Amino acid sequence: MKDSKSASAPGKAGDADGGGAAPAKKGRKKLFAGVAVLVVAGGAAGWTFFGPGASAEAAEKEPEPPVLGEVLVIDPISINLADGHYLKLGMGLQAVAEPEHAPEGSKALDAAIALYSGKPISELSDPEGRKVLKDELTRTINEEYHDEIVDVYFREYVMQ
């Protein structure tokens with residue numbers, strides 16, 4: 001009787017198509033083909049999203065700046081600061097050209113009072129601190145007026 005190792009060995013090595021070596025070569029070819037497809041697809045996707053046309057497409061998607069309308073002038077108010085000081089603040093609100101609602105200054109005054117009340121005079125005297133607070137006030141007013149007020153101008157800014 002033949003043992004099982006010798007019975008199966010002639011079948012594997014004696015195949016007409018090259019035996020056990022051919023499936024390994026076919027597997028490598030499929031692997032390389034798959035990798036090549038992934039590299040080409042990745043390159044195409046990268047070219048689409050990050051290629052030379054990508055910045056032009058991104059620029060097209062950015063909203064255009066609004067057409068500016070009138071500036072709503074708000075009379076100066078006094079806001080209590082920390083340590084007995086106060087700020088006299090007069091503002092102008094830059095509206096869009098055709099707002100849905102006629103803007104009035106109450107929401108802007110309320111936002112300014114809420115933001116500046118109780119602040120130390122040292123924070124309001126520092127140019128960087130003043131810019132940070134003005135940017136925050138502009139964002140708040142822009143939200144309150146549903147993007148119909150796009151900028152805030154200080155007409156008066158006096159501390160005592």
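In this chain, residues are counted from 1 in sequence order. Predicted model, so just to flag it, every value in this text is computed and none were measured.
Closest approach of Ile149 to Asn142, counting heavy atoms only: O-ND2, 2.8 Å. Between Ile79 and Ser117, the closest heavy-atom pair is CG2-OG, 3.6 Å. Of all the heavy atoms in Arg155 and Ile74, the pair that sits closest is NH1-O, 3.8 Å.
Rounded to the nearest 0.5 angstrom, Gln160 CD and Leu81 CG are separated by 11.0 Å. In this structure, OG on Ser125 lies 13.5 Å from NZ on Lys119, to the nearest 0.5 angstrom.
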Extract all donor-acceptor atom pairs below 3.5 Å that involve side chains of residues 91-109 and protein atoms in other chains or at least two apart in sequence.
{"residue": "Gln94", "atom": "OE1", "partner": "Tyr153", "partner atom": "OH", "Å": "3.2"}
{"residue": "Gln94", "atom": "NE2", "partner": "Gly69", "partner atom": "O", "Å": "2.9"}
{"residue": "Glu104", "atom": "OE1", "partner": "Ser106", "partner atom": "N", "Å": "2.9"}
{"residue": "Glu104", "atom": "OE1", "partner": "Ser106", "partner atom": "OG", "Å": "2.7"}
{"residue": "Lys107", "atom": "NZ", "partner": "Glu144", "partner atom": "O", "Å": "3.4"}

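With sequence neighbours left out, Glu156 forms a salt bridge (Lys or Arg N to Asp or Glu O under 4.0 Å) with Lys88. Residues satisfying the side-chain contact (heavy atoms from CB on, under 4.5 Å) criterion with Tyr157, sequence neighbours excluded, are Leu87, Leu89, Tyr116, Leu124, Arg130, Phe154, Met159. In terms of the salt bridge (Lys or Arg N to Asp or Glu O under 4.0 Å) criterion, Asp126 has no residue partners (sequence neighbours excluded). In this structure Asp110 satisfies the side-chain hydrogen bond (donor to acceptor under 3.5 Å, both in side chains) test with no other residue, sequence neighbours excluded.
Hydrophobic cluster membership differs between Leu137 and Val71, with clusters built from Ile, Leu, Val, Met, Phe, Trp and Tyr side chains linked at under 4.5 angstrom.
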* To do: Apply side chain to side chain contact (heavy atoms under 4.5 Å, CB included) to Leu133 and Leu115, showing your working.
  => CA-CA 8 Å; Leu133 288 170; Leu115 180 62; 3.9 Å; yes
* To do: Please test Arg139 against Asp135 for salt bridge (Lys or Arg N to Asp or Glu O under 4.0 Å), starting from the C-alpha separation and ending with a verdict.
  => CA-CA 6 Å; Arg139 272 192 309 278; Asp135 290 347; 5.4 Å; no
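Applying the salt bridge (charged side-chain N to carboxylate O under 4.0 Å, His left out) test to every pair with at least one member in residues 67-77, sequence neighbours left out, gives no pairs at all.
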